[in-house]
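Let me begin by presenting the structure, written as structure tokens, before commenting on it.
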Amino acid sequence: MSTIANQRISVKVNGETFESEVEPRLLLSDFLRHDLDLTGTHVGCEHGVCGACTVQLDGVPVRSCLLLAVQADGREVATVEGLAAGPDNLSPLQEAFREKHGLQCGFCTAGILMTMGPFLAENPDPSERQIREALSGNLCRCTGYQHIVDAVKLAGEKLYER
Amino acid sequence: MAVLGSSIKRREDPALITGEGKYIDDLTLPGMTWAAIVRSPHAHARIKSIDTSVAKKTVGVVAIFTGKDIADSEHGGVVPVGWLLPDLKTPAHPILAVDKVRHVGDGVAVVLAEDRYTAHDAAEQVEIDYEPLEAAVDPKAATEEGAALVHEEAPNNIAFDWELGDKEKTNSGFAAAAHTVALDLRNNRILPFAIEPRGCLAHYDKNRGLTLRMTSQNPHVHRLLLSLASIALPEHKIRVIAPEVGGGFGSKIHLYPDEAIVSWCAIRTGRPVKWIATRSEGSTTDAHGRDHVTHAELAIDGDGKISGLRADTHAAMGAYLSTFAPAVPTYLHGTLLSGQYDIPAIYVHVTGTFTNTAPVDAVRGAGRPEATFIVERLMDLGARAMGLDPAEFRRRNFVSADAFPYQTQVALAYDSGNYEPALDKALEIAGYAQLRADQENRRKSPGEDGGKLLGVGLSSYIEACGIAPSAVVGSLGAQAGLYESAKVRVHPTGSITVYTGSSAHGQGHETTFAQIVAEKLGVDIDAVDVIHGDTQEVQFGMGTYGSRSAAVGGSAIVRSIEKIIAKGTTIAAHLLEAAEGDIEFEKGEFRVKGVPGKAQSWGDVCLMAYLAHNLPEGLEPGLEETSFYDPANFTYPFGTHVAIVEVDPETGEVEILRYIAVDDCGNQINPMIVEGQVHGGLAYGIGQALWEEAVYNQAGQLTTATLLDYAMPKAHQLPSYETASTVTPCPHNPLGVKGIGEAGTIASPPAIVNAVCDALSPFGVTHLDMPLTPERIWRAIHPGEDA
């Protein structure tokens, strides 16, 4: 029962600009998933803890369930759909997740990938402790995290050719 | 390299890593409406009136229905119970409450709207006048005089009273024992907490019937239960589809009212209806796990041999009996109380009680973690009482390797086992003797290492999974069989599609089941596809839970392959003008034994099966076989885990320094996936041991419904596990495999608690209940003090 008028926004998502009219209360996660049909971003808790909905806003990982779509107006959003160059051309980080069995049900994976990309850019050679700290904002119920840690370590090696 | 037994990368991954995987909330249908379920904020209350008039005026609302609308309708149903015990009380569970609500989250009305936001807006406008009642919350206190009554039909809130084992013999064992130890414990209630919330999307077409997409671990079971009791449509007019499912851990086995409500709404309105649980909605309605209050005792003779074990448990059922709830604290719990040990007398008594809480049912491990916790805690107490090292006390009481098959005193007959090598391996990896020496040194000079207390905990667990055979589980009350189905369809060009009744949700069956087929038929793994999770495509199947998929579902595939090879052999023998007995099938070829070069390729035989131009007389064309595999017994994985912890006596904090897991799941189809299952299982069990608890206050409010309050383990809290295995193949299934999905969850809680209690033993601490929060530990070290 929104009483405030809809607002026009312009958001660049994975390099493509979308113009849209949205309710001011519309969550960024719902905008991406339901308005743009980018369902690779998942919603696990809707209160900013599980991290499944993590996307990048101007390159920085954010919880899309804690942001409103209108807050992304005029900004750039990156989602999991933009990571791979093509269906058979996974990014090194994605490839490492497959290589190391860093996912089981896959529901939390997009959020983890979107968190770990910028982390590796800042920490190309992270220790296990650093990876675990950086992962601590993303919950995974399936893997027990160890294979995710291994995957991130491997991705760092792949990305920075060690 | 053999395909079977190698760590092949998962074919599931590319779609899931790129965001292409479609989970329930990623699906929409034209004309779809959104449902919001109005739920009780009270644990126990009478519904005096419901006023939907204001809510109905909300722009975008399509319809609002109450429990009475459903009860009065043709398709108004109840939620059935799938496992019956003698004298089980089965009070009706309407899909929306009518007169009374019995737990926070009990559904009272449903709002359909054009979008989700509007549905939730309007749900808040539904006015319900409740008369709040006292709540029964604790599973034991609920049975005491004066407790609030959850159901009129169940005096003292007792749902069932169940026992197993020889009471007299056990009591005499105790009377004659040289030593006895006793333990009072509470096995903490936990939330299953798949990261993907439950949800469903129903669509009804008058001619084709109902199509229900839902978060399901077992679509055929859901279809059956819906048809039988909840929406009363013929089974063939219901199609249940599990899309990608974001984790289950038991919570997506059961039939909940929600999918019945949504189906009912789709039938009534003629429009597709989608419902996705919010996080706190899931927390208050997903079936929870554990919640036992137990008194247990162990009797030991003068030589340090166990002479008896007895346990008395009050197990919460919650407000209603969930699908398999009565089986969990009984046949999945009492039967595990022999552990890895040769115990001559065991008696267990379980009281299942109704409480004004969310229902309790199978959650990863389901009954077996609770049993293993009792046994492995008693083993540590027993060792301490005898002045024996806990490893030595376990070793002294193991069922010996030459004693299998071993008949326990609690119904199960272990088919195989070899417990000492797993213990030895775990102790060796841990460097056990050195750890004990370090511990001794620290205790002598407590100032060193920052004063932190070192603890070492063992857990030698038994797991019983792939529960079977059907005739036995039927005699124990199961209202279903526990076989699994597989159809192997060979196409004319030799590629293969497998239809499995298992329904994976992260376990990687599309990869591992293809490995089985590729190995057995000698074809390329890329020539094999695995289809699951759709009742219209796949023959009736039982689904994925209870660590059953490889042992039961995988075996069903092998049975179908054997039939395929047999028919292929008949065709090849005909084409080669040889006797069938002279044909051998190897590496994708049917060969005449001892005649090099005389062979028919796999592809030629497949093509001839479908061309049917030259088949033996009377042989039907085609190459497609179905099997329903009903195992002879459970499988019995086992192992020993060692937890090494440090406890800070100043803060009560526990740090896991190392965690060693040696597991025996028999032959491994894909070791990488096995290891992933072990890791995930460990995190689940360690979470229960150290942090997780679903807390209801006295008023029956769940105070841990969000992730702000419910402490699911995070990456930085967990160690990297040191895993290893021994291999004792299951003797009664064709792959020699045993389950591994729950082993870590079963083994790890006592390993952690034993380690912490070991660290705290200088303070006289013998037992602490989970979760081992810093406060609980600090209070144990500082009795009577204020923080």
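Just so we're on the same page: letters track the sequence lines, and every chain starts at 1.
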Exercise. If we ignore angles and hydrogens, is there a donor and acceptor under 3.5 Å between the side chains of B:H679 and B:E675?
Worked result: yes
Problem set entry | Ion pair B:R198/B:E281, N-O distance below 4.0 Å | no
For this session: Please flag which part of A:L26 lies under 4.5 Å from any non-hydrogen atom of chain B: side chain, backbone, both or neither.
Result: both
Exercise. What part of B:I276 lies closer than 4.5 angstrom to a heavy atom of chain A: side chain, backbone, both or neither?
Worked result: neither
Problem set entry | Lys/Arg-Asp/Glu bridge criterion (N-O < 4.0 Å) met for A:E16, A:K12 | no
Seminar exercise, completed: Against chain B, residues from residues 59-67 of chain A with at least one heavy atom under 4.5 Å, in numeric order, are none
Exercise. Of the backbone (N, CA, C, O) and the side chain (C-beta and beyond), which part of A:S136 lies under 4.5 Å from a heavy atom of chain B, both, or neither?
Worked result: both
For this session: Could you tell me whether the side chains of A:T41 and A:T79 share a donor-acceptor contact shorter than 3.5 Å?
Result: no
Problem set entry | Shortest non-hydrogen separation from A:K153 to A:I131 and the atoms involved | N-CD1, 3.9 Å
Problem set entry | Under 4.5 Å from a heavy atom of chain A, the part of B:E12 involved | neither
For this session: Applying side chain to side chain contact (heavy atoms under 4.5 Å, CB included), name anything that partners B:A119, two or more places apart in sequence or on another chain.
Result: B:W34, B:A36, B:A113
Problem set entry | chain A interface, residue from B:L682, B:D25, B:T706 that has the most non-hydrogen pairs under 4.5 Å | B:D25
Problem set entry | Salt bridge A:D73-A:R8, side-chain N to carboxylate O under 4.0 Å | no
Exercise. In terms of side-chain geometry, is the basic nitrogen of A:R132 or A:E128 positioned less than 4.0 Å from the acidic oxygen of its partner?
Worked result: yes
Exercise. Who among B:L16, B:I686, B:I195 has the most heavy-atom pairs with chain A under 4.5 Å?
Worked result: B:I195
For this session: Using non-hydrogen atoms and a 4.5 Å limit, figure out which bit of A:E95 sits close to chain B: side chain, backbone, both or neither.
Result: neither
Problem set entry | Sidechain N-carboxylate O distance under 4.0 Å for A:R141, B:E692 | yes
For this session: Against chain B, label A:E133 side chain, backbone, both or neither, depending on which of its atoms sit under 4.5 Å from a heavy atom there.
Result: both
Exercise. What residue, out of B:G247, B:S280, B:S720, has the most heavy-atom pairs lying under 4.5 Å from chain A?
Worked result: B:S720
Exercise. For B:A287, which residues count as a side chain to side chain contact (heavy atoms under 4.5 Å, CB included) partner, sequence neighbours excluded?
Worked result: B:H254, B:Y256, B:S322, B:D361
For this session: Go through the atoms of A:R33 and report whether side chain, backbone, both or neither lie under 4.5 Å from a heavy atom of chain B.
Result: side chain
For this session: List in chain and number order the residues that pass salt bridge (charged side-chain N to carboxylate O under 4.0 Å, His left out) with B:E114, two or more places apart in sequence or in another chain; answer none if no residue qualifies.
Result: B:R271
Problem set entry | Region of A:L103 that comes under 4.5 Å of a non-hydrogen atom in chain B | both
Exercise. Side chain, backbone, both or neither: which part of A:Y145 has an atom under 4.5 Å from a heavy atom of chain B?
Worked result: side chain
Problem set entry | A:V43, part contacting chain B, at a heavy-atom distance under 4.5 Å | backbone
Exercise. Tell me, side chain or backbone of B:F249 under 4.5 Å from chain A's heavy atoms, or both, or neither?
Worked result: side chain
Exercise. Does any heavy atom of chain B fall under 4.5 Å from the side chain of A:L83, the backbone, both, or neither of them?
Worked result: neither
Exercise. Do B:T118 and B:D115 have a side chain donor and acceptor closer than 3.5 Å?
Worked result: yes
For this session: Check each atom of A:A110 against the heavy atoms of chain B and say whether the ones under 4.5 Å are side chain, backbone, both or neither.
Result: neither
Problem set entry | B:Y684 side chain near B:I190 side chain, heavy-atom distance below 4.5 Å | yes
For this session: For the residue pair B:F193 and B:Y710, categorise the inter-ring angle as parallel (less than 30°), tilted (30 to 60°) or perpendicular (more than 60°).
Result: parallel
